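Below is one structure; the comments refer to it alone.
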Amino acid sequence: MQTNPLTNLHFKTLPLILLMVVFAPLGNVLLSKGMKGVGSANNWVPGDIFHIFVSIMTSGYILLGIVCLLAFFVAYMLVLTWADYSYVQPASAFSYAVVAMLGYFLLGEAVPPLRWIGIFVVSAGVFIVGHTHPRTTEKA
């Protein structure tokens with residue numbers, strides 16, 4: 001029985017794009033939450049900068065955010081080895097919906113209806129892109 005190369009490419013691309021869609025927004029939300037907890041520098045004297053640096057390096061939210069962004073970056077690099085950038089970037093745009101949900105549920109941000117409509121339009125585009133072949137060029 002022969003396997004369809006298109007199906008194999010979709011099955012190997014989809015999980016990594018899903019990882020990208022989850023880990024990039026989650027990492028950024030965790031960084032945002034961590035940095036809001038650290039606060040901003042009121043003046044730029046070395047003692048204050050050092051204190052902020054220590055607070056950043058010991059924040060669980062920030063460290064977990066960095067781990068999530070590293071996971072995103074690894075998935076992104078891997079998927080770009082076999083799929084076109086013009087496929088990967090639009091397909092990963094579903095992360096906008098994840099960003100809005102995480103902002104609403106984890107950060108307590110208000111997401112107005114017009115923003116949800118925009119997210120729906122972007123998600124419809126992701127659905128269309130997802131039904132195209134991940135690779136249209138020859139391997140280098």
Side-chain angles (χ1 to χ4, degrees):
M1 184 168 137
Q2 200 156 41
T3 60
N4 182 350
L6 173 61
T7 304
N8 288 341
L9 194 56
H10 273 289
F11 278 131
K12 109 177 167 177
T13 304
L14 184 60
L16 288 178
I17 288 180
L18 290 176
L19 288 176
M20 290 168 50
V21 163
V22 170
F23 282 125
L26 182 60
N28 286 321
V29 165
L30 290 168
L31 286 179
S32 174
K33 191 164 181 71
M35 288 307 294
K36 286 176 183 168
V38 168
S40 62
N42 294 329
N43 53 39
W44 290 91
V45 295
D48 286 351
I49 299 298
F50 179 75
H51 175 65
I52 288 173
F53 179 75
V54 169
S55 296
I56 288 170
M57 291 296 115
T58 58
S59 168
Y61 285 118
I62 293 173
L63 295 177
L64 193 55
I66 291 169
V67 169
C68 287
L69 289 172
L70 285 172
F72 155 78
F73 193 63
V74 168
Y76 189 47
M77 288 189 308
L78 286 173
V79 78
L80 285 175
T81 63
W82 64 74
D84 294 342
Y85 178 71
S86 61
Y87 175 86
V88 173
Q89 197 61 40
S92 66
F94 186 69
S95 65
Y96 293 127
V98 176
V99 166
M101 288 186 277
L102 290 173
Y104 180 79
F105 290 112
L106 295 182
L107 299 177
E109 297 177 351
V111 182
L114 189 58
R115 193 171 300 160
W116 284 117
I117 292 169
I119 291 167
F120 175 77
V121 170
V122 169
S123 297
V126 169
F127 180 77
I128 292 167
V129 169
H131 282 82
T132 64
H133 195 282
R135 181 178 276 291
T136 59
T137 57
E138 295 295 321
K139 289 186 178 184

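Nothing here was measured: the structure is a model prediction, and the numbers come from that model.
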Practice task
With the side chain counted from C-beta on, respond yes when Tyr85 and Leu80 share a heavy-atom pair under 4.5 Å apart, and no when they do not.
Solution key: yes
d(Phe94 CZ, Met20 CE) to nearest 0.5 Å is 13.5 Å
Report the C-alpha separation of Val122 and Phe127 in whole Å, then their side-chain angles, then the decisive distance to 0.1 Å, and conclude whether the side-chain contact (heavy atoms from CB on, under 4.5 Å) test is met. CA-CA 9 Å; Val122 169; Phe127 180 77; over 6 Å; no
side-chain hydrogen bond (donor to acceptor under 3.5 Å, both in side chains) filter on Gln89, not counting sequence neighbours, yields Tyr76
Heavy-atom nearest pair, Trp82 first then Leu16, reads CH2-CD1, 3.2 Å
Separation between OG (Ser95) and CG (Leu18), nearest 0.5 Å, reads 11.5 Å
**Message:** Determine whether Val29 and Val99 satisfy the following criterion, side-chain contact (heavy atoms from CB on, under 4.5 Å), listing intermediate values before the conclusion.
**Reply:** CA-CA 8 Å; Val29 165; Val99 166; 5.7 Å; no
Paired with Cys68, the side chain to side chain contact (heavy atoms under 4.5 Å, CB included) test is passed by just one of Asn28, Leu63, Leu30, namely Leu30
- Query: Does Ser92 use its side chain to pair, donor to acceptor, with the backbone of Val88 at less than 3.5 Å?
  - Reply: yes
Common cluster, Leu106/Val21, ILVMFWY with side-chain heavy-atom separation under 4.5 Å
yes
side-chain contact (heavy atoms from CB on, under 4.5 Å) filter on Val129, not counting sequence neighbours, yields Tyr87, Pro90, Ala91, Thr132
State, with a plain yes or no, whether a side-chain heavy atom of Leu107 is found less than 4.5 Å away from one of Leu102. no
- If two hydrophobic side chains count as joined below 4.5 Å and joins carry through other members, does Ile56 share a cluster with Phe50? no
OH of Tyr61 to CD1 of Ile66, rounded to nearest 0.5 Å, is 15.5 Å
dist Leu78:CG -> Lys12:NZ (nearest 0.5 Å) comes out at 10.0 Å
Report whether Val74 and Val79 are members of the same hydrophobic cluster (ILVMFWY, side-chain heavy atoms less than 4.5 Å apart, transitive linking). yes
| query | Hey, are the side chains of Ile119 and Arg115 touching, using non-hydrogen atoms and a 4.5 Å cut-off? | reply | yes
Separation between OG1 (Thr13) and CG (Asp84), nearest 0.5 Å, reads 10.0 Å
One should read off an interatomic distance between Leu31 CG and Leu26 CG, to the nearest 0.5 angstrom, of 9.5 Å
Next on the checklist: Any side-chain to backbone donor/acceptor pair from Ser59 onto Ile62? Under 3.5 Å, distance only.
Outcome noted: yes
For this session: Please check if Val111 and Met101 belong to a single hydrophobic cluster, counting links between Ile, Leu, Val, Met, Phe, Trp and Tyr side chain heavy atoms closer than 4.5 Å.
Result: yes
* To do: State yes or no: do Leu64 and Met35 share one hydrophobic cluster built from I, L, V, M, F, W and Y residues joined by side-chain heavy-atom distances below 4.5 Å, directly or via other members?
  => no
